[in-house]
Structure formats: C-alpha cells, structure tokens
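From a predicted model like this one, the values you see are computed outputs, not experimental measurements. Nothing fancy with the numbering, it's 1 onward along the sequence.
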Amino acid sequence: MDVTLGGIAGLIAALAFAYLVVRVAGLVGKAGRILDETRESVRTTTENVQPTLKSLTDTVGLTNDQLTRVDAITSSVSTMTTNASALTSVFAATVGSPLIKVAAYSYGVRMAVRGLRKASS
C-alpha cells in the first residue's frame, strides 16, 4: 500500500467533509426540533385564543346592548330636562312677573308710609 501526499490530502478532505456533514445534520436535527416545538406552541396558542375571542365577542355584544339602553335613558333625561326648562319658563312668565310687580308695589307703599311718618314727626 502506497501512501502518497495526494492520498493523505484526499483522506483529510474526506474526513473534513464527513465532519461537516455530521455537523450540518446535527443543525438540521435541531432546526427540526425547533420547528416541531414552534408548531406545537402555535397549536396550543390557537386552542387557547379561540375561546378567549368567543368570550370577547360575547362581551362586546352585551356591552353594545347596555350602550343602547344607556342611549335610551339619555334621550329620556334630555326630554325631561327640556320639559322642566319649559315648565320653569311658563312658571316665571305667569307667576314671576306678577310677584315682581307686587314686590315693587309693596316696596313703594312702604317707602311712602315711611316718608309720611318722617314728615309727621
């Protein structure tokens, strides 16, 4: 068996290639395990998120129903406020003006009586 320099170089190259293949195979194996774990994680996340999204959809629906009720209540309060304002205006126009006139008249009478008392003293 003749061992030549070319044969030794070929053997070294073959060993380096074999080492490279083993290392790449190890990396591919690790990458495959990472992808398997990622797939399992995505599956678990999907299974956990779907019920949460359904609950969220139900909650949003119930919130919309409550907002509709609040809108109706707000409309009723607005109507009541308008009616109270109109009633106040009517009360002020019918009772307020005569009361002001009576107050002014009684003030004038008191001043006149007071003036007469001062004049007679």
Side-chain angles (χ1 to χ4, degrees):
M1 190 169 206
D2 271 341
V3 180
T4 63
L5 190 59
I8 293 174
L11 181 64
I12 291 173
L15 289 174
F17 183 73
Y19 177 76
L20 181 66
V21 168
V22 169
R23 293 295 288 180
V24 168
L27 290 175
V28 169
K30 285 182 181 179
R33 285 192 301 270
I34 289 172
L35 287 175
D36 288 341
E37 289 177 15
T38 303
R39 183 178 58 226
E40 185 62 31
S41 176
V42 167
R43 182 181 300 128
T44 304
T45 302
T46 302
E47 290 170 357
N48 291 336
V49 166
Q50 286 175 345
T52 304
L53 288 176
K54 183 175 179 342
S55 297
L56 181 64
T57 302
D58 294 343
T59 302
V60 168
L62 292 173
T63 303
N64 283 338
D65 292 343
Q66 293 299 321
L67 287 175
T68 302
R69 291 180 185 147
V70 168
D71 187 41
I73 291 169
T74 304
S75 296
S76 297
V77 168
S78 175
T79 302
M80 288 172 40
T81 304
T82 303
N83 290 342
S85 176
L87 184 63
T88 304
S89 297
V90 168
F91 180 78
T94 57
V95 176
S97 180
L99 284 178
I100 292 172
K101 289 179 183 176
V102 167
Y105 179 74
S106 66
Y107 178 75
V109 169
R110 277 185 292 163
M111 290 297 128
V113 169
R114 197 177 288 165
L116 289 174
R117 284 186 187 165
K118 283 186 181 178
S120 57
S121 344

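Taken together through direct or relayed side-chain contacts under 4.5 Å among Ile, Leu, Val, Met, Phe, Trp and Tyr, Val3 and Ile12 form part of one hydrophobic cluster.
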If you look only at distance, which donor and acceptor atoms sit under 3.5 Å apart when one is on a side chain in residues 105-113 and the other is two or more places apart or in another chain?
residue	atom	partner	partner atom	Å
Ser106	OG	Val102	O	3.3
Ser106	OG	Ala103	O	2.9

Would you tabulate the side-chain donor-acceptor contacts of residues 20-39 under 3.5 Å, counting partners in other chains and residues two or more places apart, or write 'none'?
residue	atom	partner	partner atom	Å
Asp36	OD1	Arg39	NH2	3.1
Thr38	OG1	Ile34	O	2.8

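Atom CG of Leu15 sits about 4.5 Å away from atom CG of Leu11, to the nearest 0.5 Å. Here Leu67 contributes atom CG and Leu62 contributes atom CG; the two are 11.0 Å apart, rounded to the nearest 0.5 Å.
Between Thr46 and the options Val42, Asn48, Val49, a side chain to side chain contact (heavy atoms under 4.5 Å, CB included) holds for only Val42.
Between the side chain of Ser78 and the main chain of Thr74, no donor-acceptor pair closer than 3.5 Å is present.
Using a 4.5 Å cut-off between side-chain heavy atoms of Ile, Leu, Val, Met, Phe, Trp and Tyr, Val90 forms no hydrophobic cluster with any other residue. The other members of the hydrophobic cluster of Val77, by chain and number, are Ile73 (side-chain heavy atoms under 4.5 Å, ILVMFWY only).
Applying the side chain to side chain contact (heavy atoms under 4.5 Å, CB included) criterion to Ser55, with sequence neighbours excluded, gives no partner residue.
The list of salt bridge (charged side-chain N to carboxylate O under 4.0 Å, His left out) pairs with a residue in residues 40-55, not counting sequence neighbours, reads Glu40-Arg43, Lys54-Asp58.
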